[in-house]
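Written out below as structure tokens is the structure these notes cover.
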Amino acid sequence: MRVYLVGGAVRDRLLGVPVRERDWVVVGAQPQELERAGYLPVGREFPVFLHPQTHEEYALARRERKVAPGYRGFTTQSSPEVTLEEDLQRRDLTINAMAEGDDGRIVDPYGGQADLAARVLRHVSEAFVEDPVRILRVARFAARYADLGFRVADETVQLMQRMTRAGEVSALVAERVWQETERALGEPRPEVFFETLRACGALAVIFPEIEALYGCHSRRAGTRKSTPACTPCWRCVRRRSSAPPAPCVSPH
């Protein structure tokens with residue numbers, strides 16, 4: 001049994017920013033082994049356990065397979081034969097597909113460190129298209145790291161556009177959309193979340209009211225000037241937690 005720190009904790013440590021939470025992957029183990037060691041099982045769809053002291057999440061390495069549309073249309077397979085590289089491959093972005101062993105060695109099979117250095121948000125594999133929630137996550141990470149110079153890779157934007165055209169975004173339930181949106185509104189650059197969604201066509205599907213803001217007008221010196229999106233509109237979006245704002249007319 002081998003245990004690795006994975007995902008955001010590895011990413012943020014390499015970026016030199018505060019680590020928000022730590023998640024772990026266990027390779028080469030059966031659920032019974034963790035239970036005998038005192039771990040509390042909490043996962044419903046795949047084996048996830050809480051550490052008996054730290055209460056951090058430990059998940060058995062797993063594979064995923066798409067079987068139906070939408071973000072719930074997956075089957076998972078966890079077994080001692082699943083490798084760390086297979087578990088990392090199912091993740092959304094290369095910067096989230098790194099692991100760290102107890103010896104401090106970074107396992108980076110998909111180029112996450114290079115993309116961190118290049119400030120690029122890039123999908124790990126074509127399997128990205130199987131989960132529409134990943135569109136929201138990419139937009140949220142873009143909002144989080146925009147001030148650090150990160151951008152979404154062109155090929156990732158193209159995949160997101162393809163998913164939107166295929167109707168995958170329409171399969172998202174409102175609760176899941178709002179969960180990601182609420183988190184995005186707390187990021188340093190929340191407007192980038194909406195701009196990223198608009199770039200792939202998802203904004204018009206998820207938030208048609210906000211898409212309409214890109215046609216709002218501002219009054220300046222007695223004239224009406226069309227703007228991409230007026231700043232007060234984005235402040236309204238941040239203030240309102242119950243629903244996106246209706247199109248408005250800005251006084252500036």
Side-chain angles (χ1 to χ4, degrees), residues 8 20 69-73 92-93 95-96 119-123 128-221 223-252:
R20 301 188 179 196
Y71 77 98
R72 289 177 175 167
D92 49 9
L93 298 172
I95 65 170
N96 296 331
R119 297 301 195 253
V120 173
L121 302 174
R122 191 191 318 275
H123 62 284
F128 182 95
V129 303
E130 297 176 350
D131 185 359
V133 173
R134 289 170 178 163
I135 291 177
L136 299 170
R137 283 175 53 83
V138 169
R140 177 163 59 82
F141 282 120
R144 178 181 299 180
Y145 295 123
D147 287 342
L148 296 181
F150 276 82
R151 64 176 181 84
V152 183
D154 292 342
E155 60 268 33
T156 301
V157 174
Q158 291 168 8
L159 274 187
M160 293 161 63
Q161 291 170 341
R162 197 170 90 200
M163 294 167 70
T164 302
R165 290 194 299 268
E168 283 284 340
V169 173
S170 301
L172 289 167
V173 298
E175 292 80 7
R176 193 69 175 93
V177 170
W178 181 245
Q179 183 182 39
E180 291 293 331
T181 303
E182 187 174 30
R183 295 179 68 180
L185 293 177
E187 301 292 1
R189 295 281 301 280
E191 75 278 9
V192 175
F193 174 77
F194 298 101
E195 291 165 1
T196 303
L197 293 179
R198 189 167 191 258
C200 69
L203 187 65
V205 179
I206 300 171
F207 292 118
E209 301 90 343
I210 298 179
E211 173 71 23
L213 294 180
Y214 283 82
C216 73
H217 292 77
S218 62
R219 291 192 178 93
R220 184 176 298 161
T223 65
R224 294 175 63 84
K225 181 180 179 182
S226 181
T227 60
C230 57
T231 301
C233 293
W234 295 123
R235 289 204 294 264
C236 290
V237 172
R238 297 195 70 174
R239 282 201 307 268
R240 291 184 176 181
S241 60
S242 58
C248 68
V249 175
S250 170
H252 62 275

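Considering every non-hydrogen atom in both Val177 and Leu172, the closest pair reads CG2-CB, 3.8 Å. When all heavy atoms are compared, the tightest approach of Phe128 to Ile135 is CZ-N, 4.4 Å. A pairwise comparison of heavy atoms in Pro190 and Ala184 identifies CB-O, 3.6 Å as the closest pair.
With sequence neighbours left out, Val205 forms a side chain to side chain contact (heavy atoms under 4.5 Å, CB included) with Thr164, Val169, Ser170. Residues forming a side chain to side chain contact (heavy atoms under 4.5 Å, CB included) with Arg162 (at least two apart in sequence, or on another chain): Glu126, Val129, Leu159, Arg165. Looking at residues two or more places apart in sequence or on another chain, you find a side-chain hydrogen bond (donor to acceptor under 3.5 Å, both in side chains) between Gln179 and Arg176.
To the nearest 0.5 Å, the span separating CG on Leu121 from CD1 on Ile95 amounts to 5.0 Å. Arg134 CZ to Asp92 CG: the interatomic distance, rounded to the nearest 0.5 Å, is 6.5 Å. To the nearest 0.5 angstrom, Asp131 atom CG is 6.5 Å from Met163 atom CE. Between the CZ atom of Arg137 and the CG atom of Asn96 there is a distance of 6.0 Å, given to the nearest 0.5 Å. The structure places CD of Glu191 at 9.5 Å from OG1 of Thr196, a figure rounded to the nearest 0.5 Å.
Side-chain contact between Val152 and Val120 is absent, with no heavy atoms from C-beta onward closer than 4.5 Å. Counting only heavy atoms from C-beta outward, the side chains of Leu185 and Phe194 approach each other to under 4.5 Å. At least one side-chain heavy atom of Glu195 sits under 4.5 Å from a side-chain heavy atom of Tyr214.
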Determine, step by step, whether Leu136 and Leu197 satisfy the side chain to side chain contact (heavy atoms under 4.5 Å, CB included) criterion, reporting the C-alpha distance in whole Å, the side-chain angles of both residues, the deciding distance to 0.1 Å, and the verdict. CA-CA 7 Å; Leu136 299 170; Leu197 293 179; 4.1 Å; yes
Let me have the donor-acceptor pairs involving side chains of residues 139-147, under 3.5 Å, with sequence neighbours excluded, atom names and distances please.
unit_1: Arg140; atom_1: NE; unit_2: Glu180; atom_2: OE1; d: 2.6
unit_1: Arg140; atom_1: NH2; unit_2: Glu180; atom_2: OE1; d: 3.2
unit_1: Arg144; atom_1: NE; unit_2: Glu187; atom_2: OE1; d: 3.4
unit_1: Arg144; atom_1: NE; unit_2: Glu187; atom_2: OE2; d: 3.1
unit_1: Arg144; atom_1: NH2; unit_2: Glu187; atom_2: OE2; d: 3.1
unit_1: Tyr145; atom_1: OH; unit_2: Arg11; atom_2: NE; d: 2.9
unit_1: Tyr145; atom_1: OH; unit_2: Arg11; atom_2: NH2; d: 3.3
unit_1: Tyr145; atom_1: OH; unit_2: Asp12; atom_2: OD1; d: 2.6
unit_1: Asp147; atom_1: OD1; unit_2: Arg189; atom_2: NH1; d: 3.0

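Applying the side-chain hydrogen bond (donor to acceptor under 3.5 Å, both in side chains) rule to pairs touching residues 149-160 yields Arg122-Glu155, His123-Thr156, sequence neighbours excluded.
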